Protein chains: 2
Amino acid sequence: MEKNRTQFAILGMLSLQPMSGYDFRKTAGQCLGYFWQESYGQIYPALKHLLEKRYVTRRRRRSKGKPDRHMYAITDRGRKAFREWMGQPAAVEKKRNEMLLKIFFGGKNDVNAQIRELENLRETNEKLLAELKDIDDWHVRNYDHHALTPYWLITIRFGIRRISALIEWCRESVKMLRHLPREVVSSVPDPIDFYFKSRGE
Amino acid sequence: MEKNRTQFAILGMLSLQPMSGYDFRKTAGQCLGYFWQESYGQIYPALKHLLEKRYVTRRRRRSKGKPDRHMYAITDRGRKAFREWMGQPAAVEKKRNEMLLKIFFGGKNDVNAQIRELENLRETNEKLLAELKDIDDWHVRNYDHHALTPYWLITIRFGIRRISALIEWCRESVKMLRHLPREVVSSVPDPIDFYFKSRGE
DNA sequence: TAGAGCATGTAATAGGTTACATGATTAG
DNA sequence: CTAATCATGTAACCTATTACATGCTCTA
C-alpha cells in the first residue's frame, strides 16, 4: 500500500467505530482537528480506494428525509494494513507559516494592522485553548472510559502546549512591535553580509 | 497575480539582496527553515514565472570550475506585487502531524519503541533550540545591524517558543507512557459514545 | 575513488483545494 | 424566506515531491 495518509486516517477512525464519509469528516474535525485535517475531495476518493482494496466494507443505510448514507467498516485486511503503517516511523510534515514569512520581511506596512492581526490570532487561540482544556478535564475525570484515553490525553496536551506557546508569542510580539525604534536604521552596511553570513557562517 | 507563495518567498528574499535559485534555497533554509521550506522543483519554475512577468531580471554570471549561475534581482514591478501580497491577511496552513495521528490511535505496538521515537524527537529539537538561541543572542547583540532585526527576532522567538513547548511535551508524554496502566480496559461500554459524543455534544 | 558540494533544470507523479451538482429537512 | 445541515460525489485546477540528467571540483 502506498503512503496516502488520508486512507490511514480513515482506517484509524474505522478501527474505533464504523462510520460514513460524512461522519469521518465531522468526527475527525472534532478529535483530530488541531493536528489533522481532511476535505471531502480527499475523503470520498480515499474511501473508494479502500473499498477496492477490500480494506473496508460498505453498506447502504436508508433514512427518511435525509440522503442515504454509506456506512463503512474496517476488515481484517484493513486492520492488518493499518497496524503495519502504525509501526513505521512517522513522517515529518513540511512547515509553512505564511504569517511568519510575512513578518520576516517586515510585516504589514501599517504596524498597527500587524498588531491587530496578532491580537486576533491570540484571541482565537485563547478560545481554542479553553476548549482543549475542557476536553482534557473530561478525559482525566473519565480516565477508564476507553482504552485509548492516555493516548488521547497525550495528543490533547500537545495542542494545549503548542497553543499556549503561540499565545505567549503573540503577547511578546505585540509588545515588541509597540516599542519599535521610531527612526529605523535603513542603510545596511554590506548587503552581502545580511543575517546569517554576518554571524560568521 | 495568483497566490503561489513560493514566488512571494523568492521575491521577499530578492528584496533583501539579489541571488540565484541555489542561493535562495540555501539562504531560505537558514533564515526561514523552521517555518518555511521550498524544494528546487518549486523554485526553478517559480523563477521562470517571475521572469516572464518581469517581476525579476536575470543575469548570467560565469565562474571557473563551477556551473554558471543565474543571478536574479527584483524589479519595481516585482516590489509592487510583493508589497501588495504583504498587505493581505496571512493564510493559515493545513495542519498535519503524522506522529500525533498515530499516537491518537494508540501509537506503536511496542510502547518502548514509541518512547524512543519521542526521545529522539526531543533530542533533535534540543539541538535546534540551542541553535535558535544562539541566533537570537547574536541579533540582540547586533540590534542595529539591519532595519529588519526586530522582525527577525520575532520569527526566531516563535521558533524558540514552539520548540520549547514541543520538548516539554515530549518529556511529559514519555512519563505518561512509562506509567501506562498495565491491564488496559479493553471493553468499551457503547461504541457509539466514544470520545466526544460521550461528553454530551 | 567515492562522495559531497556547486548549480541548473525537467518530467512524472502524487497530494490537495475549490467549486459545483443534487435535493430534502429543519431552525431562525 | 433564508440559511444551515444532512450526504454524496466529481472535475478542474493548483501545489509539491521525487527522481533524474548533467558535469566539474574539492576533500577524505
Side-chain angles (χ1 to χ4, degrees), chain A residues 1-10 13 18-30 32-33 35-52 56 58-72 85 91-98 101 201, chain B residues 1-10 18-30 32-33 36-52 56 58-72 85 91-98 101 201:
Chain A
M1 189 161 179
E2 339 87 67
K3 17 84 227 206
N4 177 327
R5 280 107 85 258
T6 302
Q7 291 180 47
F8 290 109
I10 294 174
M13 276 296 171
M19 59 177 80
S20 68
Y22 191 85
D23 288 339
F24 171 76
R25 173 87 210 269
K26 205 161 166 277
T27 317
Q30 291 177 316
L32 320 173
F35 62 85
W36 199 267
Q37 292 159 354
E38 303 281 1
S39 62
Y40 290 126
Q42 297 159 259
I43 295 167
Y44 288 114
L47 281 167
K48 208 180 189 179
H49 280 129
L50 288 170
L51 195 62
E52 278 161 14
V56 301
R58 171 160 83 174
R59 273 174 304 155
R60 170 168 278 111
R61 190 194 275 179
R62 298 176 190 290
S63 33
K64 25 119 210 16
K66 290 176 187 177
D68 288 358
R69 335 177 62 215
H70 288 158
M71 292 300 284
Y72 294 88
W85 175 75
V92 178
E93 311 300 315
K94 189 164 97 176
K95 287 157 211 151
R96 291 211 133 184
N97 186 323
E98 196 177 301
L101 185 66
E201 283 191 359
Chain B
M1 188 162 179
E2 339 85 67
K3 26 128 216 161
N4 178 328
R5 280 109 84 256
T6 302
Q7 291 180 45
F8 290 108
I10 294 173
M19 58 178 81
S20 68
Y22 191 86
D23 288 339
F24 171 76
R25 173 85 211 268
K26 207 163 163 274
T27 317
Q30 291 176 318
L32 320 173
W36 199 267
Q37 291 158 355
E38 301 281 2
S39 62
Y40 290 126
Q42 296 158 259
I43 294 167
Y44 288 114
L47 281 167
K48 207 182 190 179
H49 280 128
L50 289 171
L51 194 61
E52 278 161 13
V56 300
R58 171 160 82 173
R59 274 174 304 155
R60 170 168 277 110
R61 191 194 274 179
R62 296 175 192 290
S63 34
K64 26 120 209 34
K66 291 175 185 175
D68 288 358
R69 334 177 63 217
H70 288 158
M71 291 299 286
Y72 294 88
W85 175 73
V92 178
E93 310 301 313
K94 189 163 98 176
K95 287 159 212 149
R96 290 211 133 183
N97 185 323
E98 196 178 302
L101 185 66
E201 282 191 1

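All values below were derived from every heavy atom in this structure, side-chain atoms included, with hydrogens, water molecules and symmetry-related copies excluded. All values derive from a computational prediction rather than experimental measurement. Proteins get letters first, then strands, A, B, ... in listed order; numbering begins at 1 in each.
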| Interatomic distance, A:Arg96 CZ vs C:dT17 C1' [rounded to whole Å] | 15 Å

| task | Kindly compute the distance separating CZ (A:Arg58) from CG (A:Leu51), expressed to the nearest 0.5 Å. | result | 5.5 Å

| remark: Looking only at heavy atoms, the pair that brings A:Phe24 and A:Ile43 closest together is CD2-CD1, 3.8 Å

| note | Across all chains, not counting sequence neighbours, the side chain to side chain contact (heavy atoms under 4.5 Å, CB included) partners of B:Tyr44 are B:Tyr22, B:Tyr40, B:Leu47

| said: Side chain of A:Lys48 only, heavy atoms from C-beta on: which candidate in C:dG15, D:dT10, D:dT17 is closest? | reply: D:dT10

| message | Without decimals, in angstroms, what is the distance between B:His70 NE2 and C:dT10 C1'? | response | 15 Å

| request: Answer yes or no: does a side-chain N or O of B:Arg5 lie under 4.0 Å from OP1 or OP2 of D:dC14? | output: no

| field | A:Thr6 vs C:dG15: side-chain N/O to OP1/OP2 distance below 4.0 Å | value | no

| task | Could you say whether A:Gln42 or B:Leu47 is positioned toward the 5' end of DNA chain C, judged by the nucleotide with the nearest heavy atom to each? | result | B:Leu47

| salt bridge (charged side-chain N to carboxylate O under 4.0 Å, His left out): which pairs involve residues 35-44 of chain A, sequence neighbours left out? | A:Glu38-B:Arg96

| query | Can you find a pair of side-chain heavy atoms, one from A:Met13 and one from A:Tyr72, that are under 4.5 Å apart? | reply | no

| query | What is the distance from NZ of B:Lys94 to C1' of D:dT15, rounded to the nearest Å? | reply | 11 Å

| field | Sidechain-backbone polar pair: A:Gln30 side chain, A:Thr27 backbone, donor-acceptor under 3.5 Å | value | no

| message | Please enumerate all residues that pass salt bridge (charged side-chain N to carboxylate O under 4.0 Å, His left out) together with B:Asp23, with sequence neighbours excluded. | response | B:Arg69

| said: Going by side chain to side chain contact (heavy atoms under 4.5 Å, CB included), name the residues that satisfy it together with B:Lys95, two or more places apart in sequence or in a different chain. | reply: A:Gln37, A:Arg162

| Rounded to whole angstrom units, what separation is found between the CZ atom of B:Phe24 and the P atom of C:dA7? | 16 Å

| query | In whole angstroms, how far is the C1' atom of D:dT18 from the CD atom of B:Glu38? | reply | 16 Å

| field | Non-hydrogen atoms of B:Asn97 and A:Trp36 that approach each other most closely | value | N-CE3, 3.5 Å

Polar atom pairs between nucleotides 21-28 of chain D and protein, under 3.5 Å, N or O only, would you list them?
none

| query | To the nearest angstrom, how far is B:Met19 atom CE from C:dT8 atom C1'? | reply | 17 Å

| A:Gln30 CD - D:dT5 P separation (whole Å) | 13 Å

| For A:Ser39 and C:dT17, is the shortest distance between a side-chain N/O and OP1 or OP2 below 4.0 Å? | yes

| task | Report the C-alpha distance between B:Arg59 and B:His70 in whole Å, list the side-chain angles of each, state the deciding distance to 0.1 Å, and finish with yes or no for side chain to side chain donor-acceptor pair (under 3.5 Å). | result | CA-CA 6 Å; B:Arg59 274 174 304 155; B:His70 288 158; over 6 Å; no

| said: Heavy-atom nearest nucleotide on DNA chain C for A:Tyr40 versus B:Tyr72: which residue maps closer to 5'? | reply: B:Tyr72

| request: Have a look at the helix from C:dT1-D:dA28 to C:dG28-D:dC1 and give the angle its two end axes make, five pairs each, rounded to 10 degrees. | output: 50°

| said: Rounded to whole Å, please give me the gap between NE2 in B:His49 and C1' in C:dT10. | reply: 13 Å

| A:Arg25 near the nucleic acid: base, sugar-phosphate alone, or nothing, with a heavy-atom cut-off under 4.0 Å? | nothing

| query | Can you check whether B:Tyr22 has a side-chain N or O nearer than 4.0 Å to OP1 or OP2 of C:dT8? | reply | no

| Any idea which of D:dT18, C:dT18, D:dT8 is nearest the A:Arg69 side chain? | D:dT8

| With a 4.0 Å cut-off on heavy atoms, is A:Arg61 in touch with a base, just the backbone sugar-phosphate, or nothing at all? | nothing

| remark: Among C:dG16, D:dT8, C:dT8, the one nearest any side-chain atom of A:Tyr44 is D:dT8

